[in-house]
There are 2 protein chains.
Amino acid sequence: MSKCEQCIVRQFSSLKALSKDELLKMADCKTSYTIKKGEPIFEEGEITNGIYCVKDGVCKLSKLSSNGKDQIVKLVKPGELLGQRSMISEEPANLSAVAIEDMEVCFIPKTEIIQFFTQNNQFSMSVMKTICGDLKEADDHMVDLAQKSVKERLAGTLIYLEETFGTDSDGALRLQLSREELAGMIGTATESCIRLLSELKKSGWIDLIGKKIKIVDKNKLRRIAD
Amino acid sequence: MSKCEQCIVRQFSSLKALSKDELLKMADCKTSYTIKKGEPIFEEGEITNGIYCVKDGVCKLSKLSSNGKDQIVKLVKPGELLGQRSMISEEPANLSAVAIEDMEVCFIPKTEIIQFFTQNNQFSMSVMKTICGDLKEADDHMVDLAQKSVKERLAGTLIYLEETFGTDSDGALRLQLSREELAGMIGTATESCIRLLSELKKSGWIDLIGKKIKIVDKNKLRRIAD
DNA sequence: ATTAAAATATGATAATTGTCATACTTTGAA
DNA sequence: TTCAAAGTATGACAATTATCATATTTTAAT
């Protein structure tokens, strides 16, 4: 069993507020999982009874709409926690978490987290701040979905993907999303997404290398995104 | 100065977790305000340094989009708290709060709330749960905005307005929103909103009495909304 | 009570976006 | 390696939604 104390990603989440003793206790009761690309960590409606700490890889949090399409609400990257909301609300998961890349995650049981909440105020304040940050992002995202055009949202999403997950050796977006997933992020039909990507390529603001996307003129994209 | 102990709406918010002593302390440092319909409680970008408890009246939380339209993110009713998110995040307000009806609110300084957080675990857990509830609603709302048509969202919003704020003596929605505000809730142009209301009226599912809206066939609306 | 301003309503039209069909390309399993 | 399946791409068309113009009604200030 690996030690939480030595885990680097801990620094990026609320877990950084835990003491050495608490980390040792956590290392004792945690379970590590390997999740392959495309596999779920948990699904909408499932009772999770704990939270996951993402050690490696990226996953999408999405919800199936009544029209049959999957809307991606958020991408979660290493260092972030997963499933806090439903654990705190004591409800089944509202969203599905599915790996976009191969992942390594650790599961920490609810009983443990609740103990940390009561004994470590810094920890609970940190979790609270994280959730507040999520709420702010959700509100902002909502406004964009309601008021911006698909093209504006696509441009904004491409910039977000580059700034958040970086680029590979070709200078293309490191995070490989399918066109369907990209469409699910911006809230549009897959064909519309593909069509607008072609349009942005024709304009010369992006380049399409196979299914990879490379941002050529970020300023132009920024101007489109507002 | 009125006593928080005797305030009924307290029961509906996290403030119900406070002890008698804490309530007395709060009554001492709170400030009461009367806010007229149309007036702001705080605006986007403002530093608030505390939270508001809504004693009477309803307000909208909205954000100005780059296209110049105001998107309404949430309606806040008596008993609910206002401004917790930015207080906890220690950031300026992300949304504007504007009264939709004449309101009575109490302002409680941040220093006080932070004290309650550290000394009363039930209180901080309750606030955390409320914010988690807000996050869930925001996520769900996001999916609807991204995946549903304007007509579906309008139908859903009308049902929400009836079930949340009730009806007046005519059976019409008690909460009086302008067409522009209703459009701002569902994320569409005012004209589109008006047009669809006319359409729903022609179909006989709703009735328009002046600018009031009355739901005639809720089941039909529900079927439209999904 | 009068009247200007604001809100509501509707038509005409354009722009955006979704849907269906189909072709091409890539991927992965036998 | 081969081939079926999945993913990507594009065209044609329909549906939805926004925009602009204008009329009507309501509201509120004088």
Side-chain angles (χ1 to χ4, degrees), chain A residues 36-39 65-71 100-102 144-155 157-158 172-173 176-203 206-214 224-226, chain B residues 36-39 65-71 100-102 144-155 157-158 172-173 176-203 206-214 224-226:
Chain A
K36 291 247 172 71
K37 178 177 176 171
E39 284 177 356
S65 177
S66 48
N67 65 3
K69 286 185 188 165
D70 228 18
Q71 176 66 26
I100 284 180
E101 303 172 320
D102 290 350
D144 286 350
L145 284 168
Q147 301 290 350
K148 289 189 176 176
S149 69
V150 175
K151 198 182 193 174
E152 289 169 332
R153 281 180 271 152
L154 173 58
T157 302
L158 293 177
L173 299 182
Q176 285 269 33
L177 293 174
S178 69
R179 300 293 190 257
E180 191 180 1
E181 285 170 325
L182 186 56
M185 281 194 74
I186 66 184
T188 190
T190 306
E191 297 95 322
S192 299
C193 175
I194 290 172
R195 216 179 294 277
L196 287 171
L197 282 173
S198 301
E199 196 186 303
L200 289 178
K201 183 186 177 178
K202 263 186 210 157
S203 303
I206 68 171
D207 203 2
L208 301 175
I209 311 158
K211 40 189 67 172
K212 283 190 183 177
I213 301 169
K214 180 175 170 178
I224 291 171
D226 272 1
Chain B
K36 291 247 170 71
K37 178 177 176 172
E39 284 177 357
S65 177
S66 47
N67 64 5
K69 285 184 188 165
D70 228 19
Q71 177 66 26
I100 285 180
E101 303 171 321
D102 290 350
D144 286 350
L145 284 168
Q147 301 289 350
K148 289 189 176 175
S149 69
V150 175
K151 199 181 192 175
E152 289 170 333
R153 282 179 271 151
L154 173 58
T157 302
L158 292 177
L173 300 182
Q176 285 269 35
L177 292 174
S178 69
R179 300 293 190 256
E180 191 179 2
E181 285 171 325
L182 187 55
M185 282 194 74
I186 66 183
T188 190
T190 307
E191 297 96 321
S192 299
C193 174
I194 290 172
R195 217 179 293 278
L196 287 170
L197 282 173
S198 301
E199 196 185 301
L200 289 178
K201 183 186 178 178
K202 262 187 209 155
S203 303
I206 68 171
D207 203 3
L208 301 176
I209 310 158
K211 41 189 66 172
K212 284 190 183 179
I213 301 169
K214 180 176 171 177
I224 291 171
D226 271 2

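Quick note on labels: first sequence line is chain A, next is B, and so on, each numbered from 1.
- When the C1' atom of C:dA7 is taken as reference, atom CD of B:Q176 falls 12 Å away, rounded to whole Å.
- Rounded to an integer number of Å, the gap from B:I209 CD1 to C:dA7 P is 21 Å.
- Residues A:Q147 and B:Q71 have side chains in contact (heavy-atom distance under 4.5 Å, counting atoms from C-beta outward).
- At the heavy-atom level, B:K201 lies nowhere under 4.0 Å from the strands shown.
- Checked against side-chain contact (heavy atoms from CB on, under 4.5 Å), B:E191 has the following partners two or more places apart in sequence or in another chain: B:A189, B:R195.
- Look at B:K212 and you won't find any side-chain N or O under 4.0 angstrom from OP1 or OP2 of C:dT8.
- In this structure, the CD1 atom of B:I213 is 9 Å from the P atom of C:dT8, given to the nearest Å.
- In this entry the distance linking NZ of B:K69 with C1' of D:dT19 reads 9 Å, nearest Å.
- B:T188 places no side-chain N or O within donor-acceptor distance of the main-chain N or O of B:G184, the cut-off being under 3.5 Å.
- In this structure, B:L154 and B:I224 have side chains that are not in contact, with every pair of non-hydrogen atoms separated by 4.5 Å or more.
- Counting heavy atoms from C-beta outward, A:L197 and A:R179 have side chains that approach closer than 4.5 Å.
- Applying the 6.0 Å contact sphere to CD of A:E180 captures no more than 12 heavy atoms from other residues, nucleotides or ligands.
- Under 4.0 angstrom from either OP1 or OP2 of C:dG18 there lies at least one side-chain N or O belonging to A:S192.
- In this structure, A:E199 places its CD atom 10 Å from P of C:dT17, rounding to the nearest Å.
- The CD-C1' distance, from A:Q147 to D:dT17, rounds to 13 Å in whole Å.
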Name the pairs: protein N/O against N/O of nucleotides 4-10 of chain D, kept only if under 3.5 Å.
{"residue": "D:dT8", "atom": "OP2", "partner": "A:R179", "partner atom": "N", "Å": "3.1"}
{"residue": "D:dA9", "atom": "OP2", "partner": "A:R179", "partner atom": "NE", "Å": "2.8"}
{"residue": "D:dA9", "atom": "OP2", "partner": "A:R179", "partner atom": "NH2", "Å": "3.4"}
{"residue": "D:dT10", "atom": "OP2", "partner": "A:S198", "partner atom": "OG", "Å": "2.5"}

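- Spacing between atom NZ of B:K151 and atom C1' of C:dG18 amounts to 16 Å, rounded to whole angstrom units.
- A:L182 places a side-chain heavy atom less than 4.5 Å from the side chain of A:I213.
- A close approach under 4.0 Å does occur between a side-chain nitrogen or oxygen of A:T188 and OP1 or OP2 of C:dG18.
- In this structure, NZ of B:K37 is placed 13 Å from C1' of C:dA6, rounded to the nearest angstrom.
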